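This report refers to the structure that appears directly beneath it.
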Amino acid sequence: MPGLLGLLGYKYQERHRKKGSHFFLSYGSRFCSLLSSHFAVLKMSWFWLYLPLHLLMATSLCHSTKPATTSSQQSFKTNLFNFYHSLILADGKETTVHLLKDIPKRYYFVLEEGRVLTPFSITVTPCDVPIEWRILVYKSPPGFPGKATPGDHDTQEVSKSQKAPSMVSTIFNYKGNSVETYMGMSSHSAVYLLEFLSTERDTHITVYLTTDTTSGHLYPELPMDPRIDVIGTGHTTVTLTWKHSPSVLQHRESIQYCLLVNEKHNYKSLCAAETAIRSSGMKLPPTLALSLSPYLLEPQQVMILSNSELRIINKVSSGEVRQVCMGTKNTYTVPNLSPSTQYYFDVFIVNLLTNASAAYTGTFARTLEEPEPKVTELKDGKVIHVVLDGKKQKFYSLQYQARHKKIHFTFQLCRGQIRVHITRNGKTVASENLSGLRYLSLKGKLLDTYLVQLRSTEESNSSVKVQASPHFHKPLFPLLPESLKIKSFSKLRTCRSVTIAWLGTQEESKYCVYRKRIEEDQIWGELQSADRCSGPESRHRSEKVLCKYFYDLNLQRAVTTETIKGLEAGTFYLFDVYLFGPSGIPVRYHSKVVKTRKKC
């Protein structure tokens, strides 16, 4: 009753929405008459078991209606329209239905009067776990035409000889998490009930009912063969192709293909993929917080939720989830994959005007195993300068065979960001991101084999110097202070001079200071492009300020200052300090930019 009542009100309201309050006054009695005839049959059937208690109570609403005052007519109109209006399944609109575990939810609909048969379709899209749903239909028997004499709204008693067979039947049922569509023809006297149930956990679905089969579809059309073909695999790439959707040929401007890549499984709808990612509880970056739906992305725009940016994604997708929209191209090569890894690929055809999508049949492929990398041998005390290509993201491998139990590895990061991974006889003994100058002392056995793997962690090129030697040998690099920062004193700045300070060590060492005049717009580039391994030999002679020796056995007093004079007012200067150890190999302090005062 609530669904039937609300739906009849909805249908009549759509047809007569301009008539205002005359709508219910005109059709209220017709509804009660139809309700009375239906309930006479309900007494003989089990269909009432599927309806809420309020439906059974609704007859009293019709019984108590009197053709009296305007206020009572207005009250009757309000009760009819608002009484469980939420149970209506709207025609031509996608409805989101939230389901609680083990609690069925039901929706009703009646189709337009005046037509003997009406074609209709119902599409249900599970957005998470498998669900159960079915369609039941109740048809009025011939003995109950749905008419009543004026003033008589009582449900007529039907004798046993007049009993008709039950007119309730299940016309469709389904259990699973696939997108399913039911298409059928309806009699105008039929009332339909849709029942949905989730037995695993709380979830949500979308339901789309339409009776308009002539003016297009909410969902884009899939081709006759909706499979995705893998036409090429590499170590880090997979090339896919699929047949064009008929919708692309008709509405090229408002249709695009979107691809979803993950390492866990295929998704049967874009709704399911979005729900799985959100169910992890992660907070997306602001630009992605609204949705993962592809209509938010520009063609060729890639969305990557990587391990480093959103670690919680691992709980959902065992790695990273990627989504890319490529317009109406039906061939795409997925880049930047990991070797010897199985990936799952799903293609969705998306209507940008309605945000509705349809899923191709997903596929999977395994990338090829990466060939054994070339290994460079490390020799005792020899420094190797390694340059890494950030775009290829490949490992550079160094091998060292120990001639002593204790081994000392030294890494001096020259440029970019690098991750180092060290194994001993195949077992990991160290793995970390490098920063500045890093010493690693490892203890093992004679003739142990160490494999050092280096990889750039950013797209730009990175470089590092590596040395391996027995632990008791004199280190190649100088003893370093606690910090390699250069400090400037703002109060000591003048128009012509700047005072800087830096930390020293307990070991007597040589320090050389260099300066370089720069423009304000060059500051960022100079700091980012600086090669921290390059020595004074790469500098122009005119940039050299001075060299000095100093040390202090008390580290708290191992600080030196220097005032650089002869500068120009209101000018930016880049200052560098180089530390030289006994071996003569320099270590560069972090560059410092200082501006002289404009007026003094």
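We number each residue from 1, following the sequence as shown. A quick note: this is a predicted structure, and the numbers were derived from the prediction, not measured.
Between Y343 and S338, the closest side-chain pair of non-hydrogen atoms falls below 4.5 Å. You'll find the side chain of L259 stays beyond 4.5 Å of the side chain of D346, heavy atoms only. Within the 4.5 Å cutoff, no side-chain heavy atoms of R455 are placed close to those of L388.
Counting only distance, with no hydrogens or angles, the side chain of S538 and the backbone of P536 share no donor-acceptor pair below 3.5 Å. Checking side-chain atoms of R322 against main-chain N and O of N262 turns up no donor-acceptor pair under 3.5 Å. Between the side chain of Y396 and the backbone N or O of S456, no donor-acceptor pair lies under 3.5 Å. A donor-acceptor contact shorter than 3.5 Å is absent between the side chain of T410 and the backbone of Y439. In this structure a side-chain-to-backbone donor-acceptor pair under 3.5 Å is missing from D448 to K405. Listed for the Y573 side chain is a donor-acceptor partner under 3.5 Å among the backbone atoms of E568. Proximity of a side-chain donor or acceptor of S497 to a complementary backbone N or O of I564 within less than 3.5 Å is not detected.
Taking the six-membered ring where tryptophan is involved, the planes of Y589 and W502 are perpendicular, since the angle between them exceeds 60° and thus also 30°. In this structure, Y450 and Y400 have tilted ring planes: the angle between them lies in the 30° to 60° band. Taking the six-membered ring where the residue is Trp, F409 and F411 present parallel rings, their angle staying beneath 30° rather than reaching 60°.
Between the side chains of S441 and H408, at least one donor N or O lies within less than 3.5 Å of an accepting N or O. Side chain to side chain, Y257 and S245 fail the donor-acceptor criterion of an N or O pair below 3.5 Å. R419 and S431 are linked by a side-chain donor-acceptor pair at a separation below 3.5 angstrom, with hydrogens and angles left out of the test.
The salt bridge (charged side-chain N to carboxylate O under 4.0 Å, His left out) test with D576 singles out one residue from R515, R532, R588, K592, and that residue is R588. Residue T239 is tested with T233, T331, T333 for a side-chain hydrogen bond (donor to acceptor under 3.5 Å, both in side chains); the sole match is T333.
A search for salt bridge (charged side-chain N to carboxylate O under 4.0 Å, His left out) contacts involving D229 returns nothing, not counting sequence neighbours. In this view, R496 and T494 satisfy the side-chain contact (heavy atoms from CB on, under 4.5 Å) rule, not counting sequence neighbours.
Applying the disulfide bond (SG atoms under 2.5 Å apart) definition to pairs two or more places apart or across chains, those involving residues 491-523 are C495-C600, C512-C547.
Listed here is the closest heavy atom pair of A272 and P126: CB-O, 4.2 Å.
In Y551, the OH atom is not crowded: 12 or fewer heavy atoms of neighbouring residues, nucleotides or ligands sit closer than 6.0 Å.
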